[in-house]
Asks: 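Got a structure here, written out as structure tokens. Questions coming.
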Protein chains: 2
Amino acid sequence: MGARLKDVADRAGVSFKTVSNVINNHPNVTEKTREKVLEAIAELRYRPNMTARSLRHGRSGFLALAVPELTSPYFASLASEIGAAAKRRGLVVLIEETSGEHEGERVVLEGLSSTLIDGIIFSPMATPAADVAARTEPTPMVLLGERGYPAGYDHIAVDNVRAARQVTQHLIETGKKRIAAIGAEHESGTGALRGQGYRQALEAAGHRVDPALMVGDVNYDRTTGARAMAALLDAPAGVDAVFCFNDLMALGALRTLRERGLRVPQDIAVAGFDDIEDGRYSAPTLTTVSPDVPFLAEEAVRLVARRVSEPDAAAEDVEVPFTVEVRESTAG
Amino acid sequence: MGARLKDVADRAGVSFKTVSNVINNHPNVTEKTREKVLEAIAELRYRPNMTARSLRHGRSGFLALAVPELTSPYFASLASEIGAAAKRRGLVVLIEETSGEHEGERVVLEGLSSTLIDGIIFSPMATPAADVAARTEPTPMVLLGERGYPAGYDHIAVDNVRAARQVTQHLIETGKKRIAAIGAEHESGTGALRGQGYRQALEAAGHRVDPALMVGDVNYDRTTGARAMAALLDAPAGVDAVFCFNDLMALGALRTLRERGLRVPQDIAVAGFDDIEDGRYSAPTLTTVSPDVPFLAEEAVRLVARRVSEPDAAAEDVEVPFTVEVRESTAG
DNA sequence: CTGAAAGCGCTTACAG
DNA sequence: CTGAAAGCGCTTACAG
């Protein structure tokens with residue numbers, strides 16, 4: 001179809017090696033020759049064949065980003081930021097949706113590797129540490145939002161325990177006594193860590209940790225939040241605040257409270273995690289943990305790019321800064 | 001790094017042509033040979049080098065999807081569906097964010113072409129028809145959500161005029177008299193078409209089309225909706241309903257109405273367009289136009305794939321089915 | 001039914 | 001400062 005290196009060389013009256021030198025900014029080209037070549041490139045509208053270049057280099061310039069769902073606002077903004085960070089380094093991101101389920105995530109660990117992909121940025125939901133340890137594929141992989149995974153893998157995450165503790169403390173400080181947690185059913189991963197922070201805060205304040213107040217579901221969506229909130233209200237436990245382990249569940253909880261005619265935060269205070277845009281526009285606006293997503297994205301791309309060029313570099317553990325954003329749902 | 005075709009051939013004791021035949025399901029391989037080869041592939045954990053294959057075929061198997069923003073819920077679900085539809089055909093989707101601005105969209109028209117990408121699915125916001133007509137790049141391109149673009153390009157869109165007319169009619173039927181439109185400032189593209197449908201409905205019902213009731217901004221986001229609603233309330237025009245040209249603006253408008261203490265739909269009814277998930281959980285839930293996104297995605301991939309294999313096929317114009325979902329924001 | 005050759009478009013040592 | 005050769009891993013005609 002288009003012009004090839006050789007066509008440019010013919011047009012400019014030089015060897016194609018010289019054209020290659022110009023394109024790749026190598027030295028040993030006189031200014032005059034360079035100009036002739038650039039002119040020929042422009043005239044022929046030449047574009048290097050990336051496929052051929054990849055084959056030669058043994059690298060594709062592609063990164064895979066594996067996330068549960070693109071339609072989850074948090075992961076959409078993560079994907080957007082990672083795409084931008086990759087672009088700055090001349091890399092392209094392929095998005096792989098896992099549904100946050102074990103089968104989809106297994107594909108990421110074992111099946112995504114190919115000459116097509118230089119490295120993987122993986123945000124696991126349902127993958128036990130043992131699966132990661134058992135991985136045999138050579139494609140470099142960086143883990144997002146998780147700790148406790150095998151050594152040798154780079155990690156990037158918010159300190160989930162500390163963040164959850166801070167939000168729970170905030171709820172306690174507003175005078176709430178019966179603080180529930182939605183999303184605490186996980187035995188490992190992010191859910192477990194946030195559950196740990198929640199418990200630490202309660203214990204530090206001398207509150208009892210009541211298992212009846214820890215509910216939820218594996219899925220971190222609106223429906224789960226709405227149902228869990230309803231279950232809490234229907235149980236005899238008695239609740240005056242709820243910390244949802246993500247904003248989507250918090251928005252679901254708000255909907256249930258609205259349907260029941262309960263006032264937020266007077267009757268029940270609500271806090272979330274992620275700081276998605278919807279929470280800034282909900283009624284009431286949502287108190288939440290706000291991680292520094294651009295930082296996270298930049299570091300993820302930096303780490304995976306580094307591991308592509310230095311496969312044996314020591315694994316890094318990067319902590320993502322966060323703030324607790326207090327809004328109407330806890331501070332009427 | 002990994003095993004090559006030749007390594008598999010050596011292991012199986014056949015020529016690499018035979019291995020190639022097995023991999024590509026070509027005939028002329030005895031069952032016995034085939035088994036030997038498959039065994040060797042498994043033992044060596046061989047995976048074909050996609051880059052080499054692409055170079056040979058002159059096709060990459062990559063589609064670019066150019067959308068304004070991944071963080072917009074509508075485009076996130078569109079991207080998700082298009083990724084799934086592409087996967088079914090063995091294709092991979094690269095997402096390009098344009099910001100919905102002219103410069104970003106110019107890159108899609110002129111700069112995205114390369115051997116890297118077989119075809120482009122483009123959802124334009126700010127690109128005039130003239131720019132599309134002036135395009136010289138050869139990479140196949142399918143246009144989403146738009147009409148009125150030059151012949152020769154495949155289009156896939158909801159009938160925006162009809163959809164907008166139907167929503168406006170619905171507002172009229174609930175007894176509203178002063179129906180505003182937010183997002184109607186566009187002179188071309190989707191905004192213009194929805195504006196046309198809005199006007200047709202008003203005229204058919206004998207209502208006056210009042211320019212003071214047509215407001216908005218180029219950006220179709222929550223902030224625009226919130227501000228436009230505030231401006232309408234502050235003006236002396238008098239409003240009892242508002243049709244927002246997308247759901248995000250409608251959610252922004254709902255926020256303003258809540259802040260002003262106005263009842264929806266009793267004081268002011270609100271309708272949107274897109275049927276994003278947020279609108280099913282907002283307070284009140286949002287009446288909206290719901291396009292069949294999976295159908296849209298499937299057709300987009302089908303059309304671009306067809307154009308890749310048959311560049312001179314006649315351009316198609318596909319209409320996407322839609323329904324008007326009546327919810328609390330118009331039917332208290 | 002299987003083998004040897006050519007070539008996709010590029011870059012990387014190596015000569016000159 | 002520039003040229004000719006080899007090769008990245010694959011597939012596609014072409015022989016045998």
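Proteins come first, then strands; the chains are lettered A, B, ... in the order of their sequence lines, and each starts at number 1.
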Asks: Which comes earlier along DNA chain C counting from the 5' end, the contact point of B/L55 or that of B/T18, where each point is its nearest nucleotide?
Replies: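 Mapping each residue to its closest nucleotide by heavy atoms, the 5'-most match is B/T18.
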Asks: Is the backbone of B/S60 close enough, under 3.5 Å, to the side chain of B/D118 for a donor and an acceptor to pair up by distance?
Replies: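 Confirmed, B/D118 side chain pairs with B/S60 backbone.
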Asks: With a 4.5 Å limit on heavy-atom distance, are the side chains of B/E110 and B/T136 in contact?
Replies: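 They are in side-chain contact.
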Asks: Under 4.0 Å, counting only non-hydrogen atoms across every strand here, what does B/T33 touch: a base, just sugar-phosphate, or nothing?
Replies: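 Answer is sugar-phosphate: B/T33 comes under 4.0 Å of backbone atoms only.
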Asks: Closer than 4.0 angstrom, basic N to acidic O: yes or no for B/K32 and B/E35?
Replies: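 Looking at B/E35 together with B/K32, the answer is no, because their closest N to O distance does not fall below 4.0 Å.
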Asks: Starting at the 5' end of DNA chain D, what dot-bracket string do you get if Watson-Crick and G-U pairs under 3.5 Å are bracketed, crossing pairs use [ ], other-strand pairs use | and unpaired bases use dots?
Replies: |||.||||||||.|||
Asks: Under the 3.5 angstrom rule, does the side chain of A/R307 hit a backbone N or O of A/A313 as a donor-acceptor pair?
Replies: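 Flag set: sc A/R307 to bb A/A313 pair under 3.5 Å.
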Asks: Using only atom types and a distance under 3.5 Å, with no angle test, would you say the side chain of B/D7 pairs donor to acceptor with the backbone of B/R4?
Replies: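 It does hold such a pair.
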Asks: Under 3.5 Å, which donor-acceptor pairs do the side chains of residues 92-100 of chain A form with other protein atoms, sequence neighbours left out?
Replies:
{"unit_1": "A/E96", "atom_1": "OE2", "unit_2": "B/K87", "atom_2": "NZ", "d": "3.0"}
{"unit_1": "A/E97", "atom_1": "OE1", "unit_2": "B/S80", "atom_2": "OG", "d": "2.7"}
{"unit_1": "A/E97", "atom_1": "OE2", "unit_2": "A/L70", "atom_2": "N", "d": "2.8"}
{"unit_1": "A/E97", "atom_1": "OE2", "unit_2": "B/S80", "atom_2": "OG", "d": "3.2"}
{"unit_1": "A/T98", "atom_1": "OG1", "unit_2": "A/V67", "atom_2": "O", "d": "3.4"}
{"unit_1": "A/T98", "atom_1": "OG1", "unit_2": "A/G100", "atom_2": "N", "d": "2.9"}

Asks: With the sugar-phosphate defined as primed atoms, P, OP1 and OP2, and the base as all remaining atoms, what B/S/- string results for nucleotides 10-16 of chain C, 5' to 3', for protein heavy atoms under 4.0 Å?
Replies: BBBB---
Asks: Under a 3.5 Å distance rule, please check whether A/E105 uses its side chain to pair with a backbone N or O of A/T127 as donor and acceptor.
Replies: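 Checking the backbone N and O of A/T127 against the side chain of A/E105, a donor-acceptor pair under 3.5 Å is found.
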Asks: So which heavy atom on A/V293 is nearest to which on A/S77, and how close?
Replies: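 Between these two residues, the closest heavy atoms are CG1-O, 4.3 Å.
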